Amino acid sequence: MTQSTLILLVRHGETPTTGTVLPGRAPGLHLSERGRAQAEAVADRLSGLPVEAIYSSPLERARETAEPTAARTGTAVAEEAGLLECDFGDWTGAALAGLTGLPEWQTVQHNPSVFRFPNGEGFSGMQARIVGTLETLRAAHPGGVVVCFSHADPIKAAVAHALGTHLDLFQRIMISPASVSAISYADGKAPAVLTVNSTSEPLSGLRPA
Ligand SMILES: O=C(O)[C@@H](CO)OP(=O)(O)O
């Protein structure tokens, strides 16, 4: 029987606007100094895992978070558009303080499955995209350890799906900057969520040697 495939989902490290602006897919947002330190810490925490492949959202903050892990493991980073941030459409670049007062914000929080960002992507479409992408990557690396660098909302949606949690409840899942969440996929079985939003522990125990 093939060993399970382990997919690690890493949110990018902090940027100068994390928590204050909805950056979305706007280009040119880089890690802050603290974010770069978090990216190094991710590489430390993953050391000891037999990483077979690394994929990243094409956005700078995700690529920069992947770099130390790539250097440490000697594994090239492949860009994967399926790991991109949600397309926030007209809300891209908006200050969160200005969005939280909008009536639509209540839908974003409490009924996201029906919400589509104006001129952007819907949460349901985003979830289908990230789940489909992980399915493709797991099929490409049977039995392997695959590290994927992505963004908060897609990771939350992927974890919710693996848990069997409805998308309308996905805002209850916390995904912090530079956190690692792990899902194991075995043939013929439901996915197993091994850890969510891990920000401090070493992770080599997820795939004992
Ligand atoms: O703005 C945020 O809080 C999240 C939403 O997914 O984005 P990112 O993980 O790209 O910072």
Side-chain angles (χ1 to χ4, degrees), residues 7-39 41-42 55-67 69 77 79-102 104-113 115-131 133-134 147-162 165 167-182 196-199:
I7 295 202
L8 302 174
L9 297 166
V10 186
R11 184 182 173 194
H12 63 81
E14 284 184 16
T15 73
T17 63
T18 297
T20 57
V21 169
L22 203 56
R25 297 181 177 183
L29 180 61
H30 297 271
L31 294 182
S32 62
E33 195 177 330
R34 182 174 155 82
R36 287 195 296 275
Q38 289 172 327
V42 166
Y55 293 90
S56 176
S57 153
L59 291 169
E60 294 94 334
R61 57 193 184 280
R63 295 281 320 217
E64 290 166 8
T65 306
E67 276 164 17
T69 300
V77 180
E79 278 191 11
E80 171 52 66
L83 298 173
L84 264 171
E85 178 56 291
C86 189
D87 180 353
F88 296 130
D90 296 344
W91 290 23
T92 299
L96 283 164
L99 297 173
T100 53
L102 296 176
E104 296 95 316
W105 190 257
Q106 294 307 313
T107 312
V108 168
Q109 294 305 310
H110 304 299
N111 200 10
S113 65
F115 188 77
R116 173 182 290 276
F117 289 89
N119 294 313
E121 194 175 28
F123 281 119
S124 294
M126 178 197 74
Q127 186 178 45
R129 163 172 65 81
I130 187 79
V131 168
T133 298
L134 299 185
V147 190
C148 296
F149 290 82
S150 183
H151 303 267
D153 283 347
I155 295 175
K156 285 159 69 170
V159 169
H161 182 268
T165 297
L167 182 59
D168 280 339
L169 304 178
F170 97 128
Q171 301 287 16
R172 299 180 185 190
I173 298 169
M174 192 58 61
I175 297 295
S176 303
S179 65
V180 180
S181 301
V196 176
N197 196 37
S198 162
T199 52

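Indexing begins at 1, ligand by ligand and atom by atom, following the structure's order. Note that the coordinates shown come from a computational prediction; the quantities given were computed from them, not determined experimentally.
Residue pairs meeting the side chain to side chain donor-acceptor pair (under 3.5 Å) criterion with at least one partner in residues 55-66, sequence neighbours excluded, are H12-R61, H30-E64, Y55-H141, S57-H151, R63-E79.
For atom 3 (O) of ligand 1, the nearest protein heavy atom (residue, atom name, distance) is R11 NH2, 3.6 Å. Nearest to atom 1 (O) of ligand 1 among the protein's heavy atoms is P23 CD, 3.2 Å.
A donor-acceptor pair under 3.5 Å is formed between the side chain of N197 and the backbone N or O of S176. At distances below 3.5 Å, at least one donor-acceptor pair connects side-chain atoms of S150 with backbone N or O atoms of L83. Distance alone, capped at 3.5 Å, places no donor-acceptor pair between the R116 side chain and the G125 backbone. Side chain of S32 to main chain of E14: a donor-acceptor pair is present (N/O by atom type, distance under 3.5 Å, no hydrogens or angles).
Looking at A152 next to ligand 1, an N or O pair under 3.5 Å apart turns up.
Ring-plane geometry between F115 and W91 is classed as tilted, the angle between the planes lying from 30 to 60 degrees on a 0 to 90 degree scale.
Judged by the shortest distance from any of its heavy atoms, L22 lies inside the 4.0 Å radius around the atoms of ligand 1.
Around atom 7 (O) of ligand 1, the closest heavy atom drawn from H12, R25, M126, E85 belongs to E85.
Listed by number with element, the atoms of ligand 1 under 4.0 Å from a non-hydrogen atom of R61 are 10 (O). Interface atoms of ligand 1 facing D153, defined by a heavy-atom separation under 4.0 Å, are 5 (C), 6 (O).
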